[in-house]
Protein chains: 2
Amino acid sequence: MSRLKQITEAVRDAGSLGVADLATLTGASEMTIRRDLEVLAAQGVLERYRGGARSLLLRGEEPPFALRSDENMDAKRRIAQAVVALLADGESVVLDSGTTCLEVARLLHDRRLTVMPLSLHAVNALSSSPTLTLLVPGGRPRPGELALTGPLTLASLQALRFDTAVIGCCGLSAEHGLTAFDLEDASVKRTAIASARRVIAAVDASKLTRTALAHVAPASALHAVVTDADGDDGLTAAGVTVVTA
Amino acid sequence: MSRLKQITEAVRDAGSLGVADLATLTGASEMTIRRDLEVLAAQGVLERYRGGARSLLLRGEEPPFALRSDENMDAKRRIAQAVVALLADGESVVLDSGTTCLEVARLLHDRRLTVMPLSLHAVNALSSSPTLTLLVPGGRPRPGELALTGPLTLASLQALRFDTAVIGCCGLSAEHGLTAFDLEDASVKRTAIASARRVIAAVDASKLTRTALAHVAPASALHAVVTDADGDDGLTAAGVTVVTA
DNA sequence: GTGTTTCAAACACCACTGATGTTCAATCCG
DNA sequence: CGGATTGAACATCAGTGGTGTTTGAAACAC
C-alpha cells in the first residue's frame, strides 16, 4: 500500500492526526509527511492545519482517482481482459470513466475499434493508437477523475449510436441496479447506456455489495456483468449474464 | 536541433539516405539511427527500407507535431506571454491547436478563466489546473497533432459563445488572410472565430510570409495579431492591431 | 516579547528511468 | 553461399523524482 493511501486512511479513521504521528506510523521523515499532506490537501482528501491534518473524506464519498488507480490492480486487469474479449473488431464502443475502464482502455490500444472514452485518462491512453478510431466527447472534466460530464457530454453521446457500452460503476446489486457516487456522472452513464445496443458492466467484487447515492439503471438494463469473484447476488436471476474473470 | 529533426531534414532533402550516412552525419551510432528511423516511420515522416529510409514529407505539408514543438521555443513563449496579457480574468476563451497555442495554454494554468482548447495537448496541459474552468470540445483527434476536428467539434463550438478566440495558423497575410494546411482544421478554426466576440491570432514571424492551402478567414476578421518580429506585411493597413512581443 | 514548535526552501543523496552504445545471433538480399 | 543489415539483449550513463537533512523564518503559546 502506498504511503499516500496509508496516510489517507489513518487520518480518515482518526478524524485528524499530527505530522509526528504519521511520521512514526509510516517510518518516513516529517518533511516527507508534510509534502504528502500537501499533495493530499491539493486533491481535496484532507485539510492542513498547523501540526497535522484533518480528514475531509465523508462516508459514502469516493476517494480520489490517484488513490484508487493502483488498488486491486490484478483484479481490474483480469476483468479488463475478459471485457475486451467480448468486443469484436470493427465495433463502436463507448467506454465509461473509472479505474477499471481505464484498464480496458489500455488493452484496446492495438485493437481495431471505434472508441469514445468518457474520461480524459482513457483518452490519453488511447490517443497514440494508430489502429483505432478515437472519438472524444465534449464536456467538463471533473478534477482528478477527469471524467467528462455536463451538457456537452450528453449531447455528444446523444448524437451517436454505439454497438456496445462498457460501464464501470460504484455499486451494483440486483435490487438497486447500477449506482454511482456523482449525480452528473450518473446522468452521463445513463445516456451512454441509452445510446448503446449492448451494455457490459465491468465491476470488481467490492462493488457488488455496495450501493451509492445516484441511481443509474436497473440491473435488467445490463446484458453482461464482468466481475472477478463469484458473488452472484441474484444478478443471474434478474436475467443478467455474469462473466467471472 | 534535435537529432530527429536533423534526420528528417537530411532525408527530406536527399529523398532517401542510408543508415551509415545518417550515423556519420549525426555522430550517433547506427543502432540509434535505426531506433530513430523507427520512431519517424511510426509518425509517418518517412518509410524504412533495408539499409536506409526514404522521405514521405511532401512540400506544402506540415512536419509532425513532435518535431515542431521545440522549434522557435523562445519566440513562441514570448508570443504566448503577450497573448495572455491580453486576456482578462473571468473571460471565456477558445484556444486553437498548434505549438504556439500550446505555449499559451501552459501560461494559463493558474489564471481564472473558462477555456476550451481545441487540442488534446492543451487539454492535458490544463487539466490539472484548480483555478480555471476547462471545457473539452468533442471530436476526433488528429494523430500526433491531437487537434480535435469533425462534426462533434463544430457542434461543441456552435453551442457556445466565447469572449475571445486565440487562433494559431500556418499562414497569414493581408492579401490571403488566415490559412491552414488541413481542411478539417480550417473549418474548426472558422467556427471558433464565428463563435467569439474577439479574435487574437498568435503567429510567429515565419508564418507571416507563408500561405497554406485552406482559407480560414480574411485578415479583417482578426482584431489583433501577436507576433515576434515587426514584419507588418500590410496587416496594419488592413485594420488589424499588430502586437510585437 | 520570548521561547518553542512548525514550516518551507535549499541542498545532498539515492534509486530509478530512459537514451545510447556494444555485442551477437538471426535474417535478408544478391 | 556470403556479406550486409537488423533487432534483441545487456552494459553504461546522464537526468529525474523522491527522500532526508539542515537552516532560517514564520506561527503559536505563554
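Within every chain, numbering begins at 1; the chains are lettered A, B, ... in the order of the sequence lines, protein sequences first and strands thereafter. Because the structure is a prediction, the values reported are computed rather than measured.
In this structure, A/Leu22 places its CG atom 13 Å from P of C/dT6, rounding to the nearest Å. Atom CD1 in B/Ile33 sits roughly 14 Å away from atom P in D/dT5 (whole-Å rounding). A/Asp36 places its CG atom 9 Å from the P atom of D/dG20, with the value rounded to the nearest Å. Atom-to-atom, CD of A/Glu30 to P of C/dT6 comes out at 7 Å; the value is rounded to the nearest Å. Between the CD atom of A/Glu38 and the C1' atom of C/dC7 there is a distance of 11 Å, rounded to whole Å. Distance, A/Asp21 CG to C/dT6 C1': 14 Å, rounded to whole Å. Separating the CZ atom of B/Arg48 from the C1' atom of D/dT5 is a distance of 9 Å, rounded to the nearest angstrom. Here C/dT6 presents its P atom at 14 Å from CG of A/Leu17, a figure rounded to the nearest Å.
Evaluated for a side chain to side chain contact (heavy atoms under 4.5 Å, CB included) with A/Phe162, the options A/Leu95, A/Val93, A/Thr114, A/Leu157 yield exactly one hit, A/Leu157. A side chain to side chain donor-acceptor pair (under 3.5 Å) with A/Thr99 holds for exactly one of A/Arg68, A/Lys76, A/Glu145; it is A/Lys76.
Side chain of B/Val19, nearest nucleotide from D/dT6, C/dT22, C/dC7: D/dT6. Of all nucleotides listed (D/dT5, C/dA8, D/dT19), C/dA8 comes nearest to the side chain of A/Arg34. With distances taken from any side-chain atom of A/Arg50 to the nucleotides D/dT19, D/dA27, D/dT6, the minimum falls on D/dA27.
Considering only side-chain N and O atoms, B/Thr32 lies under 4.0 angstrom from the phosphate OP1 or OP2 of C/dG21. The shortest distance between the side-chain N/O atoms of A/Arg3 and the OP1/OP2 oxygens of D/dT19 is below 4.0 Å.
The pair B/Glu30-B/Arg34 counts as a salt bridge, with a side-chain nitrogen and a carboxylate oxygen less than 4.0 angstrom apart.
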Problem set entry | Test log, rule salt bridge (Lys or Arg N to Asp or Glu O under 4.0 Å), inputs A/Arg77 and A/Asp74 | CA-CA 5 Å; A/Arg77 211 162 282 161; A/Asp74 46 341; over 6 Å; no

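Few gaps surround CZ on B/Arg54; more than 12 heavy atoms of other groups in view lie less than 6.0 Å from it.
Comparing A/Arg35 and A/Tyr49 by the nucleotide of DNA chain C whose heavy atom lies nearest to each, the residue mapping closer to the 5' end is A/Tyr49.
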